[in-house]
2 protein chains.
Amino acid sequence: MNGGGAGKLADPKEDPLPGVDTYKNFNTIDWVREKSKGRDRLREIHSKSKESLWALLLSISDAFSGWLLMLLVGLMAGAVAAAIDITTHWLTDMKDGVCLVGFWFNHEHCCSTSNQTTFLEWDRCPQWQSWAQLITGTSQGGFAYMVDYLMYMFWALLFAFLAVALVGAFGSHASGSGIPEIKTILSGFIFRGFLGKWTLVIKTVTMVLAVSSGLAVGKEGPLVHVACCCANVLCHHFTKFRQNEAKRREVLSAAAAVGVSVAFEAPIGGVLFSLEEVSYYFSLKTLCRSFFAALVAAYTLHSINPFGSGRHGPFDVNFHADWHPVELAPFILLGIFGGLWGALFIKANIAWCHTRKSTRLGRCPVTEVLLVMALTALLAFPNIYTRMSGEELLSKLFDDCSLFNSSLLCGYQQGNSAASRPAGEGLRTALWQLALALLFKMIITIITFGIKVPSGVFIPSMVVGAIAGRLLGVGMKQLAYHHHDWMLSRDWCSPRRDCITPALYAVVGAAACLGGVTRMTVSLVVIMFEVTGRREHIMPLLAATMTSKWVAGAFVRVGFDEALIRLKGYPFLEPKDEIEHRSLAKDVMRPRKSDPALAVLTQDGMTLGQVEALVKSTCFSGFPVVVSQQSKRLVGFVLRRDLLVAIDDARRRQKGVVSASQVLFRQHAPTQPPKAPPHLRLRDILDLSPFTISDRMPMGITVDIFRKLGLRQCLVTHNGRLLGIITKKDIVKHMAQIANRDPDSVFLN
Amino acid sequence: MNGGGAGKLADPKEDPLPGVDTYKNFNTIDWVREKSKGRDRLREIHSKSKESLWALLLSISDAFSGWLLMLLVGLMAGAVAAAIDITTHWLTDMKDGVCLVGFWFNHEHCCSTSNQTTFLEWDRCPQWQSWAQLITGTSQGGFAYMVDYLMYMFWALLFAFLAVALVGAFGSHASGSGIPEIKTILSGFIFRGFLGKWTLVIKTVTMVLAVSSGLAVGKEGPLVHVACCCANVLCHHFTKFRQNEAKRREVLSAAAAVGVSVAFEAPIGGVLFSLEEVSYYFSLKTLCRSFFAALVAAYTLHSINPFGSGRHGPFDVNFHADWHPVELAPFILLGIFGGLWGALFIKANIAWCHTRKSTRLGRCPVTEVLLVMALTALLAFPNIYTRMSGEELLSKLFDDCSLFNSSLLCGYQQGNSAASRPAGEGLRTALWQLALALLFKMIITIITFGIKVPSGVFIPSMVVGAIAGRLLGVGMKQLAYHHHDWMLSRDWCSPRRDCITPALYAVVGAAACLGGVTRMTVSLVVIMFEVTGRREHIMPLLAATMTSKWVAGAFVRVGFDEALIRLKGYPFLEPKDEIEHRSLAKDVMRPRKSDPALAVLTQDGMTLGQVEALVKSTCFSGFPVVVSQQSKRLVGFVLRRDLLVAIDDARRRQKGVVSASQVLFRQHAPTQPPKAPPHLRLRDILDLSPFTISDRMPMGITVDIFRKLGLRQCLVTHNGRLLGIITKKDIVKHMAQIANRDPDSVFLN
């Protein structure tokens, strides 16, 4: 499969030497080179723009093309997200029943077109029939229940099978959340096809199927991937972004923000997510553009309106609860729970993934998906809280008990006052079901991740936390009701006042568990703030997420995405890791002491044959050029591809160039005997300003240089003499080594 | 005055060579060096922590000291901001009258303690008497008006005089907003005393006086400065931050967020402001910490509660208006106005500052302040909209016309429906007054900035925009009322519905004008979103601020703060500027062709006397060390201060070191004649890994390296031989040169 994705197209019209300057798949880009290319391009356009009106217009359109691209990304991602939402709702409801008016209506839509629906029971209307009603004619009794159960399992297995079959047949890139790969790509990795149009199509379709099937997967991570695919596909229509890997990564950073923005209707949170979690370099220009795109996408989604008008975001959160400083204690408790859950989830899931790799399960992804699906559906159906989709469950848990709320969760005994009522029978049932649901979700989430369907970790983590939070909140509420004369609660929790909001605990718990898994802090708080829309909730959210991050960090150092990156062995240079080791550049550079000497070219004195032999005998992607083998004084650096193309070009076009011709990298040709073959001058392809560091440079600083400048390689000198070379992969390996991980687990090509 | 501010204290216990390693005032710090120092310190603490329990506890407390510091900064800045708010309200009201119950009550507080106040006329109560009432016994008639007028001017002039006198006597650093200086400090500049405790005290007091006097100055910029002072003062109690200039700057970045957070009760906006506008390096750790500190500060301020309980932020914005896509047109119009105003303000104010410098005005700051104050007070008193403080005016303009609103701005004719009423007489009067107020504010704002009192640009700019926006909004409302059958307005603006909210126009206008002046985008939108609390308003705000930024950018390239930095000549390397020029490192490095050769030391062969003579004859802050004068192969770099201290130390402690002693920078001493004086070995103070670049490095990349790594200097080599050196100041000068500004305007020391 070739999505024509991340790679640069070689355009013979624009590239005088086709093939030169492109990166190979699974290679790392040179950010400095790309930026410099962008600067040259801009300079050319600017200087041309003074020549004619047409060129001026072109230069203006070039300046605004970034904004136009952002607008298109926002519109496209918003539209795709809306389509995904609508289809997911429809397919999810199809597991329960069908609309007689038209099978393409979902449950809510079906009943809202009916005039026989009352306000309190919006979900009961004659037009919507469960499968049992349709087949047996009744919805009561054990047989009808069995029919519903079987139909639920049938659809779930069908959707799951379709998803895994499509992923297996057309798009292996579509499985998982895609965020680890996007992080790696944004750090400068080339991963062709991962963001292509085929991946976009397959990921969109399979993600709808996977989410609808009822697997414990969310659609937030995949939405980020989809948004990035949209951006990458659109990039191909803009020369500025097609030809520059660095510029394209700026667009992808913005697209990541767009993905979260449409997932949660949280544009600001999306931008901060991209900044904090996904992006490697995030310039101020990107900040502004990604905010614009995220906003456009959120508006597009909102106007196509899958959530129904009047709803507040995806979870329809609408409560105005305040909280008392004393409640920070249970919020921090939720943070500790979230942290423990995060650590447990990461450890258990990574261990499970290792097991999968080494056993037969890994070779039969379809069987595995069907097994997990069957287990999920079998256990999920009997419990109403696990039967509904994750988003629906979150909506229920985030919903405060208003007076008109008839759900079991709000089954308080009706007393004299609306506030602080004792728990009734209904609530007790609900709590039992919720506790079972918590256990079920925790186990099933751990074994679900890593199967070959699109799967996001956001919603499942949030569900675990929201259930725990709601349970704690109800408990706190009962505690406050039964002990309202305690000193702590006396002044704010009188029997007349509703002092504790279990829904807020659910929100905080959801944030804590998500924080424990992903280690997001600010962006998570802002996303949840945008979801609830109440700034009073920022403090509890921050308290819980910070606690959760610290607690989780005490057990597992990295977040889930980074753990996956390590599991998959991508050469990702983490932006946060500090090197504590006292190593120097000379300890990391190649060649090592036992290796053969560094392959170098000299600026003169080598024949074409010698150069070709050297290139053929090695597989390095570039060669340093020195003044002479004795002095080892560095002149420049030449890329292997440039060299090959230039030699090939010379042999074809330049007369008299033979293997005995001298290759010259210096400016002025030396005099030579009259009958010698002509020189081959290659100074033009020489990079005269390669990065150099001293061999005594501490690795802490070296890593900083690589990270901040986005270098691909750096030459090491001692007192002006060339000693060796350090590449980004050497550094990633070195960091793995000092962290006591296997350096050879790093994926190299 | 010495606030003991930004500089590092030399602690003889911790610094074996006192004086070594400190930076001189007005110098640039070396970020790499500072970070490396921080890394070494951390490594030492970590390795020690394994030795004893006490060391382990110390290492844990060290890890959390950053968070503790953030908590303290938040608490202190919040408390100071609350004190400032309370005092400012009180002093502002003192210009109008006095509370008979106690002179320390402000108007609102005075009347809220009275039980004779009604809901609609909260500001009329017998306890609060205007000066005319107190002196003449009546508030009616021309004489009473004259008394009030004179008392208003008296207090205004008194406050202004006190402010300028205090600034002149004790704290010249307290004038202006402080943001340009903070930006420069954050980029690595040393500016002693600017963030000291004296500056904190004087700035706080004079800022209260200046704002209360009624000058067209805001307190947002000064609040950022005050928060940074708090942070810097607190840093002195933490070894980790006192001794490391880079770490301290991280704290200051967070403090800038705190300042905006307390100014607008907008923690998220504050963090983004610091990220987008003020900070130079903003790591993810800083993001998290500054968010925490900003939140703590906002809560502290809120619980001390100067805004009165139940208010929504500083401007008490509380309307739920939606908007129609058609209205984007007037919003963009406001953006254009904001951009034009921003460009006009910057050009006019900078020109006025130049005039001030070159005329007698600049030498008599007290006279200037009193003149501006007299003019302001004289013209402001007759118009109720200019008489009130900027914040109060903004509150009025941001207030939607609810049914109970009796202000003139809501003086619509009472019709059958509450919505879309025609304008009444009261509204027309109000519009005239507003139009005059707009003209007045525009002129007075331009001439006020640059006078020697603390002055922020936020509120005055917002006032201009809010007035313009409100005027446009009222106009649009009338247009929609009179033409509600127009095609465009028909479907959303029926006579029955209130379709246009002038208050929203005021908010958008305020954002547009502030955006035009400061060129903020995302942070501004988020701040205004937090002020209004309605996510529907994000889109209009973004449309207006983006337009305003582009329009303003077409006339004046940089924002007001950068313009001030250039005016004051600080060596600030702007993070956004791209070099378009095709220059190379060799064109910028020193020595130039006509200069004497670069002063270098050799690793051996030089006597102490020669070294001392070289150091004395030059004023460079460091010297490259080469293998030999002939080969010019670089060994390392030694700082002037290190060299001086080491020589001094050796002459005092080491026996036999005389001027004829050989100075050795190499590892192994050469053999020497038996009677020669002993060597002076200085390899320990040699930096063996100085940064080097090739002379052919394009300046675009060189500038990037300096910016991203925070270098202070970089050595330039050609084929392994040392050629010259580039310092940060050379680069700032070069950038000024290619932008056709006078390179010698850059402040050098």
Side-chain angles (χ1 to χ4, degrees), chain A residues 32 35-36 39 42-43 46 267-268 271-272 275-276 284-285 287-288 291-292 295 299 521-522 525-526 529-530 533 535 538-539 542 546 575-576 578-580 582 584-585 627 631-636 688-698 700-701 704-705 708-709 717 719-722, chain B residues 32 35-36 39 42-43 46 267-268 271-272 275-276 284-285 287-288 291-292 295 299 521-522 525-526 529-530 533 535 538-539 542 546 575-576 578-580 582 584-585 627 631-636 688-698 700-701 704-705 708-709 717 719-722:
Chain A
V32 181
K35 282 201 179 155
S36 185
R39 229 175 264 133
L42 203 68
R43 197 181 291 138
H46 267 227
I268 303 172
V271 172
L272 287 172
L275 168 70
E276 192 182 358
L284 289 178
K285 210 159 73 183
L287 181 75
C288 198
F291 187 57
F292 173 69
L295 211 53
Y299 270 80
T521 49
V522 181
V525 172
V526 174
F529 157 61
E530 285 186 277
R535 46 186 149 177
I538 295 183
M539 196 57 141
L542 187 69
M546 301 280 285
K576 295 167 209 167
E578 279 286 344
I579 281 208
E580 276 191 24
R582 219 180 253 282
L584 299 177
V627 172
S631 79
K632 283 272 171 62
R633 279 169 29 214
L634 184 71
V635 176
L688 288 166
S689 55
F691 281 85
T692 54
I693 54 174
S694 149
D695 61 331
R696 305 296 295 261
M697 182 76 86
I701 301 179
D704 243 28
I705 298 174
K708 290 200 177 136
L709 300 177
T717 60
N719 290 8
R721 289 178 199 274
L722 181 68
Chain B
V32 181
K35 281 200 179 156
S36 185
R39 231 176 263 133
L42 203 66
R43 197 180 292 139
H46 267 229
I268 304 172
V271 172
L272 287 172
L275 169 69
E276 192 181 0
L284 288 179
K285 210 159 70 181
L287 181 75
C288 198
F291 187 56
F292 173 69
L295 211 53
Y299 270 81
T521 49
V522 181
V525 172
V526 174
F529 158 60
E530 284 187 275
R535 44 187 151 175
I538 296 183
M539 197 56 143
L542 188 68
M546 302 280 286
K576 295 166 208 169
E578 279 286 344
I579 282 207
E580 277 192 24
R582 220 180 252 282
L584 299 177
V627 172
S631 79
K632 282 273 170 65
R633 279 170 28 214
L634 185 68
V635 176
L688 287 166
S689 55
F691 282 85
T692 53
I693 55 173
S694 148
D695 60 332
R696 304 295 295 261
M697 183 74 88
I701 301 180
D704 243 26
I705 297 175
K708 289 201 176 134
L709 299 178
T717 59
N719 290 7
R721 291 177 199 271
L722 180 69

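Note that these values count all heavy atoms, side chains included, but never hydrogens, waters or copies made by symmetry. Quick note on labels: first sequence line is chain A, next is B, and so on, each numbered from 1.
- In this structure, B/Leu272 CG and A/Leu272 CG are separated by 5.5 Å, a value rounded to the nearest 0.5 Å.
- B/Lys35 touches chain A through its side chain: at least one heavy atom from C-beta onward sits under 4.5 Å away, while N, CA, C and O do not.
- Between A/Cys288 and B/Met546, the closest heavy-atom pair is SG-SD, 3.8 Å.
- Of the two parts of B/Ile538, the backbone and the side chain both hold a non-hydrogen atom closer than 4.5 Å to a non-hydrogen atom of chain A.
- Of all the heavy atoms in A/Arg39 and B/Ile701, the pair that sits closest is NH1-N, 3.5 Å.
- Counting only heavy atoms from C-beta outward, the side chains of B/Val627 and A/Arg721 never approach each other to under 4.5 Å.
- When side chains are defined from C-beta on, B/Val271 does not count as touching A/Val522, because their heavy atoms never get closer than 4.5 Å.
- Note: B/Leu295 leads B/Leu722, B/Leu295, B/Ile268 in heavy-atom pairs under 4.5 Å with chain A.
- Taking OG1 from A/Thr521 and CG from B/Leu287, the interatomic distance works out to 6.5 Å, rounded to the nearest 0.5 Å.
- Between the side chain of B/Arg633 and the backbone N or O of A/Asn719, at least one donor-acceptor pair lies under 3.5 Å.
- Both the backbone and the side chain of B/Val635 come within contact range of chain A, each with at least one heavy atom under 4.5 Å from a heavy atom of that chain.
- Only the side chain of B/Leu542 has a heavy atom closer than 4.5 Å to any heavy atom of chain A.
- Most heavy-atom pairs under 4.5 Å with chain A, from the set B/Leu42, B/Val526, B/Ile705, B/Val32: that is B/Ile705.
- Taking CG from B/Leu634 and OG1 from A/Thr717, the interatomic distance works out to 8.0 Å, rounded to the nearest 0.5 Å.
- Within the 4.5 angstrom heavy-atom criterion, only side-chain atoms of B/Phe529, from C-beta onward, approach chain A.
- Top candidate by heavy-atom pairs under 4.5 Å with chain B, chosen from A/Asp704, A/Leu584, A/Ile693, is A/Asp704.
- The two residues A/Pro698 and B/Ser689 come nearest to each other via the heavy atoms CD-OG, 3.8 Å.
- Residues A/Leu709 and B/Leu709 meet the side-chain proximity criterion, which asks for heavy atoms closer than 4.5 Å.
- Using a 4.5 Å cut-off between heavy atoms, A/Leu275 touches chain B through backbone and side chain atoms alike.
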